[in-house]
Every structure is written in C-alpha cells, then in structure tokens.
Amino acid sequence: MALKSLVLTIAIMAVLSSMSHAGEPSPLQDFCVAVDDVKNAVFVNGKFCKNPMQVVADDFFESGLNVPGNTSNPLGSVVTPVNVNQLLGLNTFGVSLVRIDYAPYGLNPPHTHPRGTEVLTVFEGTLYVGFVLSNPGPNMKNKLFTKILHPGDVFVFPIGLIHFQFNVGKTNAVAFAGLSSQNPGTITIANAVFGSDPPISDDVLAKAFQIDKKVVDYLQSQFWWDNNI
C-alpha cells in the first residue's frame with residue numbers, strides 16, 4: 001500500500017508540474033525557497049526568495065502526510081495541505097498537495113480553488129465526487145458531473161469550478177490530491193456566503209436565493225466550520 005501510495009503521489013505531481021506552466025510563471029532559476037519576512041514593506045506575487053547560499057535540504061522536505069487528520073467536526077472531514085506555506089521549497093514551482101480524511105459519511109463541502117486545477121485519487125474508502133460547470137447561458141442549468149470513486153481511481157476538478165467529495169461508505173476514507181498552484185486558495189461556498197465578516201446584506205441573500213430574510217438570518221447565525229487546517 002505504501003509503494004502504491006508513493007507511485008500515485010509521484011504521478012499526480014508529475015502531471016501537475018506540466019500543467020502548472022499554464023497557470024503560474026515558470027521559474028527563472030533552479031529554485032526560490034520562500035522566506036517569511038513580515039517586516040519587509042515590499043509586496044510580491046508569491047514569496048520572497050531565501051538566499052541560495054542558505055538553502056538546505058529541509059527547505060524541500062515535509063513530513064506527516066501518513067498521519068490521519070482529525071475528522072471529529074460537524075463536516076466529518078479534514079484537509080491537510082502541503083503548499084508553499086508549509087513547504088517553503090515549493091515557491092515558484094506551481095504545485096501543491098493535500099491529504100483529505102473523511103469519517104463515515106463525511107463531506108468535503110462544495111468549494112472552489114481560484115488558482116488551481118485539482119487531481120484527486122482515492123486511497124481508502126468510496127467517495128461520491130462532482131463538480132458544476134460555470135453559467136452556460138440564458139434558460140440553461142449549470143451541468144453537474146459526478147462519479148463514484150474507489151481506491152486507485154482518479155478524478156479531475158477544473159480550476160475555479162465548484163466541487164465536492166462525500167464519503168458514501170460506512171468506513172473512513174482517505175484521498176490525496178495535487179493542485180496546479182503553490183497556493184491554490186479555497187473558497188468554501190456556504191462559509192463565504194453565510195459566514196462572511198462583515199455579513200452580506202440579508203436583502204441581497206434573500207433575493208439571490210429567493211428565500212425569506214428569516215431563513216437568511218438563521219443561516220448567518222450558524223457557525224460555519226472550516227475543515228482546512
């Protein structure tokens with residue numbers, strides 16, 4: 001299982017490394033290890049580069065993806081990321097990785113990645129996954145693509161589109177996903193719409209969802225769980 005996991009993970013990252021050139025600039029040097037410098041007043045599109053003379057092997061290393069995440073939350077899922085914020089050596093390479101753990105009937109709720117396409121593979125359990133296309137035109141509905149995935153299956157979620165994964169089994173499930181950005185971002189739909197700070201006007205949401213303001217007020221009063229750690 002460990003060898004299979006390693007092979008699939010390498011395959012995902014290889015595919016995404018070729019995809020990343022379309023989404024993020026190509027590196028202009030062998031590497032550009034990120035450095036957190038909050039005192040620097042200059043803003044850049046990405047991270048500051050560490051002095052190459054100070055770069056060490058650990059800048060390109062991260063451990064812990066073999067450890068199951070804690071799914072004891074209302075969603076029954078947790079996402080463990082390895083992006084440029086955890087692995088500084090990813091800076092400028094346009095790829096990242098996540099592990100997703102699901103309790104029985106756990107959900108990774110509808111969300112988008114504004115800066116990355118996602119390639120997901122199931123390692124354990126059975127997942128119902130899907131994504132919805134962008135608005136097609138007048139008097140047409142957004143098309144939904146879904147699939148039931150089993151261990152070893154792979155599914156692609158195109159960049160920016162709303163997608164989800166739901167564990168339809170009675171046992172835990174585990175998936176790994178590669179993304180074509182060092183920092184793909186996540187917008188969880190329910191959290192963004194009903195849990196924003198400050199709140200979106202209930203007049204706006206009531207009209208948008210064609211529901212009573214009392215329903216909007218109720219939804220905005222709820223705690224919207226973020227399953228990204």
Side-chain angles (χ1 to χ4, degrees), residues 5-6 8-17 19-20 23-24 31-36 38 45-48 50 58-103 106-125 127 129 131 149 154-167 172-192 195 224-229:
S5 301
L6 178 60
L8 285 172
T9 300
I10 292 174
I12 289 174
M13 299 306 289
V15 170
L16 287 171
S17 66
M19 293 166 51
S20 66
E24 296 187 349
F31 54 79
C32 175
V33 174
V35 57
D36 292 319
V38 297
N45 185 22
K47 295 277 190 177
F48 293 104
K50 189 175 185 178
D58 280 347
D59 290 324
F60 304 97
F61 172 80
E62 180 75 6
S63 63
L65 283 189
N66 62 313
V67 179
N70 183 4
T71 58
S72 299
N73 60 64
L75 294 172
S77 72
V78 64
V79 179
T80 304
V82 180
N83 56 46
V84 72
N85 296 308
Q86 291 78 36
L87 181 54
L88 298 178
L90 285 176
N91 195 39
T92 76
F93 292 154
V95 293
S96 58
L97 182 71
V98 298
R99 171 183 174 137
I100 314 171
D101 290 274
Y102 313 81
L107 171 70
N108 191 14
H111 62 281
T112 73
H113 301 296
R115 293 180 293 276
T117 290
E118 177 178 347
V119 181
L120 178 140
T121 184
V122 177
F123 281 66
E124 298 176 17
L127 296 179
V129 307
F131 66 87
L149 302 185
V154 178
F155 198 78
V156 177
F157 303 107
I159 183 172
L161 297 186
I162 296 174
H163 60 281
F164 61 87
Q165 303 105 36
F166 180 58
N167 181 5
N172 293 337
V174 180
F176 284 81
L179 295 109
S180 61
S181 171
Q182 69 179 40
N183 185 27
T186 300
I187 303 173
T188 305
I189 306 305
N191 301 42
W224 295 95
W225 189 272
D226 183 3
N227 66 336
N228 292 269
I229 63 173

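All values derive from a computational prediction rather than experimental measurement. What's counted below: heavy atoms across the whole structure, side chains too, no hydrogens, waters or symmetry copies.
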Discussion item. Let me confirm one number: the CD1-CD distance from I100 to E118, rounded to the nearest 0.5 Å.
Written reply: 5.5 Å
Worksheet item: Between the main-chain N or O of I189 and the side-chain N or O of H111, is there a donor-acceptor pair closer than 3.5 Å?
Response: no
Discussion item. Whether the N191 and D226 side chains hold a donor-acceptor pair (N or O, under 3.5 Å, no angle test) is what I'd like checked.
Written reply: no
Discussion item. Any side-chain to backbone donor/acceptor pair from Q182 onto T92? Under 3.5 Å, distance only.
Written reply: yes
Worksheet entry | N91 versus K47, closest heavy-atom pair with distance | ND2-O, 3.3 Å
Worksheet entry | N/O donor-acceptor pair under 3.5 Å between R115 side chain and N183 backbone | yes
Worksheet item: Which distance, rounded to the nearest 0.5 Å, do you find between the CG of L179 and the OG1 of T186?
Response: 8.0 Å
Worksheet item: So, does T117 use its side chain to make a donor-acceptor pair with the main chain of I159 at under 3.5 Å?
Response: yes
Worksheet item: Between D59 and V33, is there a donor-acceptor pair closer than 3.5 Å when you use the side chain of the first and the backbone of the second?
Response: no
Worksheet item: Which of these passes side chain to side chain contact (heavy atoms under 4.5 Å, CB included) with Q165: L149, N108, V122?
Response: N108
Discussion item. Could you check whether any side-chain heavy atom of I187 comes within less than 4.5 Å of a side-chain heavy atom of P114, counting everything from C-beta outward?
Written reply: yes
Worksheet item: Can you tell me if N228 uses its side chain to pair, donor with acceptor, with the backbone of V79 under 3.5 Å?
Response: no
Worksheet item: So, does N167 use its side chain to make a donor-acceptor pair with the main chain of A103 at under 3.5 Å?
Response: yes
Fill in: R99 side chain vs L65 backbone, donor-acceptor pair below 3.5 Å
yes
Worksheet item: Got a donor-acceptor contact below 3.5 angstrom from the S77 side chain to the L107 backbone?
Response: yes
Worksheet item: For S181, does its backbone N or O pair with a side-chain atom of S96 as donor and acceptor, under 3.5 Å?
Response: yes
Worksheet item: Nearest heavy-atom pair of G125 and A173: which atoms, and what distance?
Response: CA-CB, 4.0 Å
Worksheet item: CZ of F157 to CG of L120: how many Å apart, nearest 0.5 Å?
Response: 5.5 Å
Response to the item:
Closest non-hydrogen atoms of L75 and W225, given as atom of the first, atom of the second and distance, are CD1-O, 3.8 Å
Worksheet item: Measuring from L87:CG to L97:CG, what's the distance to the nearest 0.5 Å?
Response: 9.5 Å
Response to the item:
Minimal heavy-atom distance between L127 and A175, with the atoms involved, is CD1-CB, 4.1 Å
Worksheet entry | Nearest-0.5 Å distance, CG of residue N70 to CG of residue N227 | 12.0 Å
Worksheet entry | Distance-minimising heavy-atom pair for A190 and W224 | CB-CZ3, 3.5 Å
Fill in: Inter-residue atom distance D101.CG - F176.CZ, 0.5 Å rounding
7.5 Å
